[in-house]
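Every heavy atom of this structure was used, including side-chain atoms; hydrogens, water molecules and symmetry mates were not. Numbered from 1 within each chain, the chains take letters A, B, ... in sequence-line order. Computed from a prediction, not measured in an experiment: that's the story for all the values here.
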Amino acid sequence: MAKDPPGAGTSKEINLTIPMLPNMEIAATQTAEAVARFMEFDPDQIDAVKIALIEACINAFEYSNSSEGQVYIKFIMNPEDLVVEIRDHGQGFDPEHPAALPKKHRGKGLTIMRGLMDSVEIASGPGGTTITMSKARASR
Amino acid sequence: MAKDPPGAGTSKEINLTIPMLPNMEIAATQTAEAVARFMEFDPDQIDAVKIALIEACINAFEYSNSSEGQVYIKFIMNPEDLVVEIRDHGQGFDPEHPAALPKKHRGKGLTIMRGLMDSVEIASGPGGTTITMSKARASR
Amino acid sequence: MTNDLQVHVRKESSYAVISTDGYINNVGGEKVGEIALGLVDEGYKNLILNLEKSNVVNSIGVSILIELVERIQDVEGRLYFCNLTKVIAKTFTIMGLAEAAGIVDTEAEAIVALAAPQEA
Amino acid sequence: MTNDLQVHVRKESSYAVISTDGYINNVGGEKVGEIALGLVDEGYKNLILNLEKSNVVNSIGVSILIELVERIQDVEGRLYFCNLTKVIAKTFTIMGLAEAAGIVDTEAEAIVALAAPQEA
Ligand SMILES: Nc1ncnc2c1ncn2[C@@H]1O[C@H](COP(=O)(O)OP(=O)(O)O)[C@@H](O)[C@H]1O
Ligand SMILES: Nc1ncnc2c1ncn2[C@@H]1O[C@H](COP(=O)(O)OP(=O)(O)O)[C@@H](O)[C@H]1O
């Protein structure tokens with residue numbers, strides 16, 4: 001294989017674009033699993049990234065109302081952490097005052113992301129929503 | 001989840017970009033597995049797509065000499081088949097006359113792709129290489 | 001070879017065990033719910049939900065499981081969850097499922113818990 | 001929790017079984033090669049390579065396995081592959097490994113094949 005990776009400045013980024021179709025978030029978790037294994041994350045860390053990513057994807061599917069129907073996911077492998085960015089070009093929302101919830105027992109997606117990742121930032125507006133989450137590498 | 005997928009014309013395409021790093025082809029196979037399962041491919045079909053994709057990726061890693069060091073992969077879910085396109089912006093090659101091989105027992109990557117997929121097309125030139133392969137859905 | 005949740009049921013004399021394999025999303029949650037309520041209808045009021053082979057859930061799936069717990073409690077049934085991964089356990093806590101239902105480590109512990117006299 | 005190939009060795013009186021789990025790429029192929037040649041050095045000239053838990057290979061890994069087969073034949077050892085997935089079997093055929101080495105369905109068949117007198 002590439003002895004010396006070509007392109008000295010090879011960025012350690014993986015980009016994935018998925019259509020907003022039911023279950024397509026699984027393509028994202030599969031990719032996430034490979035990336036997290038590459039970074040030698042342990043199984044619990046891998047599961048945490050996968051579930052947080054699922055929540056971000058299904059929110060985009062369910063609420064973004066994006067007309068192009070795509071979710072853009074970027075995995076950035078840093079020396080100290082994995083950053084996962086989930087972006088849609090939908091209608092956005094106010095993270096301080098999310099809409100009232102239609103159903104019982106819902107409304108915990110963002111709380112799950114915050115509970116499972118080390119940091120979660122939300123940038124949302126009329127141009128869409130970007131969730132940026134990070135998970136530190138295993139401390140050994 | 002999206003009851004009616006937003007964006008009537010939601011394309012059934014998944015795009016993945018990976019850096020040319022050893023083992024990164026695994027991110028591609030994991031994504032491929034999710035896509036192929038989504039299409040209800042059987043285990044043998046899934047393995048075939050994965051191995052053909054690995055060969056296309058490691059060729060790009062090893063031979064493209066791309067300065068940006070990225071491989072662009074597109075999965076297109078058609079009603080009748082899965083099309084996988086693997087593109088690099090490297091130096092390209094002449095598919096009719098591939099270079100002489102430095103090592104014994106090598107030079108079978110393209111033959112493997114052709115053996116495992118239903119069709120394989122190569123477009124290569126100074127701007128890089130695009131391999132387009134297809135695998136029909138399970139016939140039941 | 002789809003991504004759908006696989007569900008396996010084992011019926012014992014005084015309880016039944018539902019084991020899942022795969023992703024518990026809305027469809028998966030509903031599948032588990034239907035099977036569990038079907039068992040209750042058959043007379044199995046003591047249920048164990050073994051999630052050993054599930055390592056991903058989503059919040060829609062979990063909300064359906066919470067509704068299931070409520071419906072089973074309504075008919076005086078009991079449901080214990082076991083073999084949760086660390087991350088699923090945390091997700092259940094965040095969503096409030098951990099408060100509503102019994103969660104134990106193993107199937108053996110669930111059996112012991114079900115054998116204990118029911119609190120009024 | 002990396003993507004590296006896991007390799008397990010079982011030594012019996014007259015043969016040894018190497019079982020792989022995961023992706024056989026260059027690194028994985030070399031790992032198998034080192035272990036196999038180490039076994040030959042220890043006196044195990046009858047080897048079985050069980051690939052049951054490997055469902056992806058690449059052509060670099062397979063080329064290393066072909067070299068391994070040649071080196072083992074050089075020292076009058078014998079190597080049988082078993083439990084190949086359909087797609088790995090096809091890949092071995094395309095690469096010429098199927099001609100060079102014995103390939104059988106199961107470990108039991110490999111043991112029988114190794115017990116047969118060696119051809120001159
Ligand atoms: N990508 C998004 N686009 C538009 N609105 C969103 C997006 N993500 C979240 N929201 C809004 O934020 C609210 C809260 O989200 P969340 O905490 O994940 O709860 P849940 O997904 O369980 O409803 C949603 O009900 C929705 O109104
Ligand atoms: N993406 C690519 N960029 C440049 N050259 C390539 C690319 N893919 C294949 N080649 C050329 O085609 C040759 C044959 O490829 P292949 O049949 O896959 O054999 P192998 O990979 O085993 O050497 C390679 O040796 C290389 O010269």
If you count heavy-atom pairs under 4.5 Å with chain B, which of A:T17, A:I73, A:I18 comes out on top?
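It is A:T17.
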So what's closer than 4.5 Å to chain B heavy atoms on A:M24: side chain, backbone, both or neither?
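Backbone plus side chain of A:M24, per the 4.5 Å heavy-atom cut-off to chain B.
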Tell me which of these, A:N59, A:I26, A:T31, has more heavy-atom pairs under 4.5 Å with chain B than the rest.
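Counting heavy-atom pairs under 4.5 Å, the top option is A:T31.
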Heavy-atom side-chain contact between B:R37 and A:Q30 under 4.5 Å:
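No, their side chains stay 4.5 Å or more apart.
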Of the non-hydrogen atoms in B:A34 and A:A27, which two are nearest, and what is the gap between them?
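In terms of heavy atoms, the two residues are closest at CB-CA, 3.4 Å.
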Is the shortest side-chain heavy-atom distance between A:N15 and B:N15 below 4.5 Å?
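They are not in contact (no side-chain heavy atoms under 4.5 Å apart), so the answer is no.
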